[in-house]
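Worksheet for the structure shown next.
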Amino acid sequence: MDILRGIKGAPDWLPPEAGAFDAVERAFLDTAALGGYERVRTPVFEPTEVFARGVGASTDVVQKEMYTFEDKGGRSITLRPEGTAGVLRAALEAGVPRSGTLPVKWSYAGEFFRYERPQAGRQRQFTQVGVEALGATDPVLDAEVVLLGWEALKRAGVGEMTLRINTLGDRVDRPAYHERLNAYLDDFEGDLPPDVAERRHLNPMRAFDAKAPGMAEIMAGAPLLADHVNDEAKAFHEEVCGLLEAEGLVLTHDDRLVRGLDYYTRTTFEYQAAGLGAQNAVGGGGRYDGLAEDLGWPEPFPGVGWALGVDRTLLALGEAAAPPPRAEVFVVAADPTLAPQAFGLVARLRRAGVAADQAFAGRRMKAQLKLADRSGARLALVLGADELARGVVTVKDLASGSQREVADAEVLAAVTG
RNA sequence: GUGGCCGUAGCUCAGUCGGUUAGAGCGCCGCGUUGUGGUCGCGGAGGUCGCGGGUUCGAUUCCCGUCGGUCACCCCA
């Protein structure tokens, strides 16, 4: 019988990569905390409507990538494909817009699910860390969010990065622009790839993303959203960019950066890293001033945020991924009958906060030292009948090979000193 | 959902122009040291050559199918 296998696209993280994975996640979260973003945890599944209405019906995410099922009560449930819709749903449900001081700044981390064909940097279950700043429309807030994401990636160790940024204007700008763009596309009706032809009436901006042969030429002459952004939004964007440039960030303005989620308004941005294969975005985000209303809130409740891909960042880090912490001290029993004493010594060290380990399965001393070496421990503590009789422990420095005897009562000091 | 490439030891891979006992490196275990690792030497364990079918005297090798992996498209973290 074949062994049972995991689910396609649901990765197992094992040592040492899992340790590096945690380090990346921690770096992101720590950076968010430095910015005053407080942790929230929301469910991994939501009513399907949260995403269908929040993320947008025209998006690939909603149209073909959601893990949707019916629970035993007949409700349609979806495994979260992204974080913003669920977090905002939680904020609205808690009445955040009408309580407390705004903006509220939250961070989250967790697993997300999208039914896609796996490839380098893309799995069906993946991990993101995100921040959402809710309840304020202020270019300083947008700049803070964008800068914080950049700093988070830096803190995790990512080297070469580019920051692409764009403004999509407000929702009031959309209808007029959509109409213009669709009128333009009408002239090419017969040449449009099926997916574009189908979706352009829901959201014609997706046509800019289409890479089918010939589309680049068609879109080269298309009207740009940038020309339909209202003056206030334009000024807002310039202020955001100015703040970021003052902090030394090099911006790559990309007026085709649309992002595949319908809720974005005004600021959209994306962090790209080298060494990732085809999927080179390690994070992205933007402002979503209309999302709360999509989720049923009676009045506008603005927000801005980003999500960073932990898996992808790890991929970008490659060999530079931080090595996980290892045991400091490895206890070796020279004789199998001393196992209880070794066990006790390990326990004593651990209680004192020293990362300690030992060998099992009654290995010979030679093999135990080999394991001590492999563990990366700095010191080996050798316990033998000899030492026991004299109330001492042999402390061996594994790098130099030198060793000395230390009185039992002095062991902790010798190890920590 | 579509396409390319790949499935041989725990891992990374070689090999068989179809032929009798399928190899290497790393890792693992043991011996060289009866209480001392990282180097070295010697030895050992470990393989239905992904699975099913076909062609053939004979298939791990050729063909078909299937499953799995991987990369890319679409899109995104």
Side-chain angles (χ1 to χ4, degrees), chain A residues 1-3 5-9 11 14 24-25 28 55 58-65 80-84 109-130 149 153 193-196 199 206 208-213 215 257-261 268 270-273 276-285 306-316 330 332-338 359 361 363-377 379-388 394-403:
Chain A
M1 181 176 122
D2 290 333
I3 61 162
R5 306 181 57 96
I7 288 174
K8 183 193 192 81
L14 307 175
V24 168
E25 189 176 80
F28 290 170
V55 177
S58 76
T59 62
D60 273 9
V61 169
V62 170
Q63 285 190 346
K64 54 182 196 188
E65 297 171 2
R80 61 184 181 188
E82 59 94 56
T84 302
E111 279 63 54
F112 296 86
F113 308 86
R114 269 136 67 171
Y115 190 87
E116 302 177 271
R117 281 282 279 270
Q119 71 183 76
R122 182 162 71 200
Q123 297 286 320
R124 288 178 173 177
Q125 174 178 313
F126 54 101
T127 304
Q128 288 186 167
V129 171
L153 289 160
D195 58 320
V196 173
R199 287 200 302 206
R206 310 308 304 287
F208 283 110
D209 293 329
K211 287 174 185 131
M215 272 310 282
L257 181 64
V258 169
R259 306 198 59 75
L261 310 176
T268 60
E270 185 171 292
Y271 311 99
Q272 293 187 343
L276 275 180
Q279 310 302 326
N280 61 0
V282 288
W306 46 245
L308 306 179
V310 176
D311 322 54
R312 258 183 214 181
T313 299
L314 204 56
L315 207 58
F330 203 95
V332 171
D335 184 297
T337 62
L338 297 170
R363 288 176 191 271
R364 291 163 41 257
M365 183 171 171
K366 186 185 169 89
Q368 291 182 57
L369 274 161
K370 192 169 183 173
L371 290 175
D373 187 49
R374 295 286 163 78
S375 77
L379 301 173
L381 299 190
V382 181
L383 260 183
D386 198 36
E387 284 90 341
L388 199 63
T394 297
V395 178
K396 184 184 180 90
D397 183 301
L398 285 164
S400 69
S402 66
Q403 60 185 55

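As a basis for the values below, the full set of heavy atoms in this structure was taken, side chains included, without hydrogen atoms, waters or symmetry mates. To find a chain, count down the sequence lines: A is the first, B the second, and so on, and within it residues start at 1.
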Practice prompt. Could you measure between the two C1' atoms, the one in B:U60 and the one in B:A9, and give it in whole Å?
Written response: 14 Å
Discussion item. Distance check needed: B:U36 P versus A:L383 CG, whole Å only.
Written reply: 16 Å
Discussion item. Using a 4.0 Å heavy-atom cut-off, does A:Q272 contact any base of the nucleic acid, only the sugar-phosphate backbone, or nothing at all?
Written reply: nothing
Item to complete: Check the distance between B:C51's P and A:R5's CZ and give it to me in whole angstrom.
Response: 13 Å
Response to the item:
Here the distance between atom P of B:G27 and atom CZ of A:R374, to the nearest Å, is 6 Å
Discussion item. Below the 4.0 Å mark, does B:A72 have OP1 or OP2 next to a side-chain nitrogen or oxygen of A:Q119?
Written reply: yes
Worksheet item: Would you say A:R117 reaches B:G3's phosphate, i.e. side-chain N/O to OP1/OP2 under 4.0 Å?
Response: no
Worksheet item: Starting at the 5' end of RNA chain B and moving along, which residue's nearest nucleotide shows up first, A:Y115 or A:A367?
Response: A:Y115
Worksheet item: Rounded to the Å, how far apart are A:Q368 CD and B:G30 P?
Response: 11 Å
Worksheet entry | Counter-base of B:C74, judged by Watson-Crick or G-U geometry with both distances under 3.5 Å | none
Worksheet item: Which whole number of Å gives the distance between the P atom of B:U12 and that of B:G18?
Response: 28 Å
Discussion item. Classify A:R124 by what it touches in the nucleic acid, base, sugar-phosphate, or nothing, heavy-atom distance under 4.0 Å.
Written reply: nothing
Worksheet item: With no angle test and no hydrogens, is the base of B:G1 tied to the side chain of A:E116 by a donor-acceptor pair under 3.5 Å?
Response: no
Worksheet item: Is the backbone of A:E82 close enough, under 3.5 Å, to the side chain of A:Q128 for a donor and an acceptor to pair up by distance?
Response: no
Discussion item. Can you tell me the base-pairing partner of B:G23? Count Watson-Crick or G-U wobble geometry only, both distances below 3.5 Å, and say none if there is no partner.
Written reply: B:C13
Worksheet item: Any donor-acceptor pair under 3.5 Å between the side chain of A:D373 and the base of B:G38?
Response: no
Discussion item. Measuring from atom CD of A:Q279 to atom CD of A:Q272, what distance do you get when rounded to the nearest 0.5 angstrom?
Written reply: 11.0 Å
Practice prompt. Calculate, to the nearest 0.5 Å, the distance between atoms CG and CD belonging to A:L308 and A:E25 respectively.
Written response: 11.0 Å
Worksheet item: What nucleotide, of B:G1, B:G35, B:G30, holds the atom closest to the side chain of A:R364?
Response: B:G30
Fill in: Integer-rounded Å distance: B:C29 P and A:L369 CG
14 Å
Worksheet item: Got A:V382 and A:M365 here, is their nearest side-chain heavy-atom distance under 4.5 Å?
Response: yes
Item to complete: Using the P atom as the reference point in each nucleotide, state the distance between B:U16 and B:U61 in Å, no decimals.
Response: 14 Å
Practice prompt. Return the nearest nucleotide to the side chain of A:K64; candidates are B:G35, B:C74, B:C73.
Written response: B:C74
Item to complete: Tell me which nucleotide among B:U36, B:C29, B:C71 gets nearest to the side chain of A:R363.
Response: B:C29
Item to complete: Looking at every strand, decide which applies to A:A372 at a 4.0 Å heavy-atom threshold: base, sugar-phosphate, or nothing.
Response: nothing
Discussion item. Rounded to whole Å, how long is the line connecting atom CZ of A:F330 with atom C1' of B:G35?
Written reply: 16 Å
Worksheet item: Nearest of B:G35, B:G69, B:U36 to any side-chain atom of A:E387?
Response: B:G35
Practice prompt. Determine which nucleotide pairs with B:C62, using a 3.5 Å limit on both distances of a Watson-Crick or G-U wobble pair.
Written response: B:G54
Worksheet item: Do A:D397 side-chain atoms and A:S402 backbone N/O form a donor-acceptor pair below 3.5 Å?
Response: no
Practice prompt. For nucleotides B:C26 and B:G38, find the distance between their P atoms and express it as a whole number of Å.
Written response: 14 Å
Discussion item. Expressed as a whole number of angstroms, how long is the span from A:Q123:CD to B:A72:C1'?
Written reply: 15 Å
Fill in: Spatial distance of atom CZ (A:F126) from atom CD (A:E111) [nearest 0.5 Å]
10.0 Å
Item to complete: Establish, with yes or no, whether the OP1 or OP2 oxygen of B:G38 is under 4.0 angstrom from a side-chain nitrogen or oxygen of A:K370.
Response: no
Discussion item. Starting the side chain at C-beta, find the nucleotide from B:G35, B:A72, B:C75 nearest to A:A334.
Written reply: B:G35
Discussion item. Between B:G46 and B:C29, how far apart are the two C1' atoms, rounded to whole Å?
Written reply: 11 Å
Worksheet item: A:G121 near the nucleic acid: base, sugar-phosphate alone, or nothing, with a heavy-atom cut-off under 4.0 Å?
Response: base
Worksheet item: Taking OP1 and OP2 of B:G37, is either one under 4.0 Å from a side-chain nitrogen or oxygen of A:K366?
Response: yes
Worksheet entry | Separation of A:D311 CG from A:T127 OG1 (nearest 0.5 Å) | 4.5 Å
Item to complete: Not counting sequence neighbours, list each pair that qualifies as a side chain to side chain donor-acceptor pair (under 3.5 Å) and has a residue in residues 115-125 of chain A.
Response: A:E116-A:R122, A:Q119-A:R122
Worksheet item: When the P atoms of B:C62 and B:C17 are considered, how many whole Å apart are they?
Response: 10 Å
Item to complete: With heavy atoms under 4.0 Å as the rule, sort A:V382 into base, sugar-phosphate or nothing.
Response: base
Worksheet item: Among the nucleotides B:G27, B:G35, B:C71, which one has an atom lying closest to any side-chain atom of A:T394?
Response: B:G35
Worksheet item: How is A:K396 classified with respect to the nucleic acid when contacts are heavy atoms under 4.0 Å: base, sugar-phosphate, or nothing?
Response: base
Fill in: Separation between the C1' atoms of B:U8 and B:U48, rounded to whole Å
12 Å
Discussion item. Classify A:A380 by what it touches in the nucleic acid, base, sugar-phosphate, or nothing, heavy-atom distance under 4.0 Å.
Written reply: nothing
Worksheet, complete the sentence: A:D335 atom CG is separated from B:U36 atom C1', nearest whole Å, by 14 Å
Fill in: Gap in Å between the two C1' atoms, one belonging to B:G7 and one to B:G50, rounded
6 Å
